[in-house]
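Any value given below was found using the heavy atoms of this structure, including those in side chains, with hydrogens, waters and symmetry copies removed. Within every chain, numbering begins at 1; the chains are lettered A, B, ... in the order of the sequence lines, protein sequences first and strands thereafter.
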2 protein chains.
Amino acid sequence: MSDLRISIVEDNNDLRDTLQKLIENELGLKFVSAYSNAEDAIRRLPKNVPDVVIMDIHLPFRSGIDCTRALKDLCPDLRVLILTVYENSDNIFDALKAGASGYLLKRSSPSEILSAISDIAEGGAPMSSRIASQVVASFQKTTPTLEPEGDPLSERETEVLGYLTKGYSGKEIADKMFVSINTVKTHLKHIYQKLHVRSRTEILLRYHDANRDS
Amino acid sequence: MSDLRISIVEDNNDLRDTLQKLIENELGLKFVSAYSNAEDAIRRLPKNVPDVVIMDIHLPFRSGIDCTRALKDLCPDLRVLILTVYENSDNIFDALKAGASGYLLKRSSPSEILSAISDIAEGGAPMSSRIASQVVASFQKTTPTLEPEGDPLSERETEVLGYLTKGYSGKEIADKMFVSINTVKTHLKHIYQKLHVRSRTEILLRYHDANRDS
DNA sequence: ACATCAACCACCCGAAAGGATGATTTGGTA
DNA sequence: TACCAAATCATCCTTTCGGGTGGTTGATGT
């Protein structure tokens, strides 16, 4: 097994040098390249693709998240390890969606960074503790707002809602439930009243905001 | 700071005893109770609530996921650390949705388990490497089927699609884009053709199936 | 016996959505 | 230059939605 090849995208010169030295002094890792902005990285990194790139988020022009997206597009096998000071959930989720596999905070110790590099290269997804807990929290989004605890939907109304959120039209729901279109419309009116919405569009938006499952 | 209070829900007697000894022999941890099934845990654990409960998933009658849900309902501050052999994504996501904060595989070493306990008690979300990568992968659900690679949407069409997926009506989109309602309708027709759908409802379904974001 | 409520259905209305056809302008490219 | 795609708008037409009003039945509970 040859050395893991590592690149760095980081605009802070001191930190970039520190990381480079950290990598160069570690057995099993090989420093490949470093870039101080997203453009350089996107243009030049694909010519000599590393195994892992350590990516800052705050960069001069294009963000590290943009850069991650672009690089993953050009080099799908590249593993991106975010190393940043930002721990707000928007940045975390955007980075992961953009294709990052790991997310460390800059306060991490050198040994944490090194073990994260090994972990991410082996298919893991290293995250700082605070990051992981936010990611997990995103799964626990309490399925709220659908049925606001005020007046529960009746059995048939729930059934109609089920078809509604699967994308069926009023007519199709009527057929599936063996009732007339007018009955479905009545149920729908009641559902809209109870959930305080005025269209199936609003239902779908709320439903898929609230539920991350089927 | 007093000792962390730990309980165990695990049906395998050997492993349960091993875990108990592991906890009893560790400075800073205090073993509180152990249960071999979900019913016992749900009935008796709330009478003496620990800080952290180590939970197996495969249990005799009710699963550890059910048990997690019930316990989190009774004791919201309880931290649940899943310890199981299952690493399929359904169990992972269901457990996290049920309120678990950490997810370890049983192959984990004693020191990993101990540090996970500390981590979870401090608000972290410890996960085995393979688990974390599956969780992260769930954010990267490749935004498929929206734009089927056959004919990309034009600039304005993409713009219309953006508003559409935020729930705006045709008229509202027209206003926001400073064009007539007819233009929006034309764009919509083209979008429907390109994405092979027949209504905004289908668009919303596909969009929110594909994207876990706003 | 009476009240209540879910479920069912009908008719009406206006607004929105979806589809077809055709037209004009603009910018870029063969 | 000639052509083409994208964007703009219009007109016509049908269906669907959302909302209002009203009614019948059957089960449940007081």
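Rounded to whole Å, the distance from CD1 on A:I173 to P on D:dT15 is 19 Å. Summarising the geometry, the separation between CE on A:M177 and P on C:dA6 is reported as 15 Å, rounded to the nearest angstrom. In this structure, A:R198 places its CZ atom 14 Å from C1' of C:dA15, rounding to the nearest Å. The separation between B:K185 atom NZ and C:dG22 atom P is 18 Å, rounded to whole Å. Here the P atom of nucleotide C:dC5 and the NZ atom of A:K194 are 11 Å apart, to the nearest Å. Atom CD1 in A:I181 sits about 7 Å away from atom P in D:dC17, given to the nearest Å. Atom P of nucleotide D:dG20 and atom NE2 of A:H190 are separated by 11 Å, given to the nearest angstrom. As a whole-Å value, the separation of B:L204 CG from C:dA17 P is 12 Å.
Partners of A:E26 according to the side chain to side chain donor-acceptor pair (under 3.5 Å) rule, which considers only residues two or more places apart in sequence or in another chain, do not exist here.
Note on A:Y192: every side-chain N or O is 4.0 Å or more away from OP1 and OP2 of D:dG19.
Within 4.0 Å of A:T183, counting heavy atoms only, lies at least one base atom of the nucleic acid. Using a 4.0 Å heavy-atom distance criterion, A:H187 is classed as a sugar-phosphate-only contact.
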>> For a side-chain contact (heavy atoms from CB on, under 4.5 Å) check, start with the C-alpha distance between B:R200 and B:Y192, then their side-chain angles and the critical distance, and finish with the verdict.
In response: CA-CA 8 Å; B:R200 41 223 304 133; B:Y192 293 166; 3.9 Å; yes
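Under 4.0 Å is where a charged nitrogen must lie from a carboxylate oxygen, and between A:R107 and A:E112 no such pair does.
The side chain of B:R156 lies closest to D:dT8, out of D:dA6, C:dC9, D:dT8. The side chain of A:V179 lies closest to C:dC8, out of C:dA17, C:dC8, C:dT21. Each of D:dA10, C:dA10, D:dA7 was ranked by its minimum atom distance to the side chain of A:N182; first place goes to C:dA10.
Looking at which nucleotide of DNA chain D each of A:Y168 and B:E155 is closest to, the 5′-most match is held by B:E155. Ranked by how close their nearest DNA chain C nucleotide is to the 5' end, B:T186 and B:R200 are led by B:R200. Heavy-atom distances to DNA chain D give each of A:V197 and B:E157 a nearest nucleotide, and the one nearer the 5′ end belongs to B:E157.
Residue side chain A:S199 does not reach the base of D:dC17 through any donor-acceptor N/O pair under 3.5 Å, judged by distance alone. Residue side chain A:S169 does not reach the base of D:dC17 through any donor-acceptor N/O pair under 3.5 Å, judged by distance alone.
B:D11 and B:S36 form no side-chain donor-acceptor contact under 3.5 Å, judged by distance and modelled atom types alone.
With values rounded to the nearest 0.5 angstrom, A:L29 atom CG is found 12.0 Å from A:F31 atom CZ.
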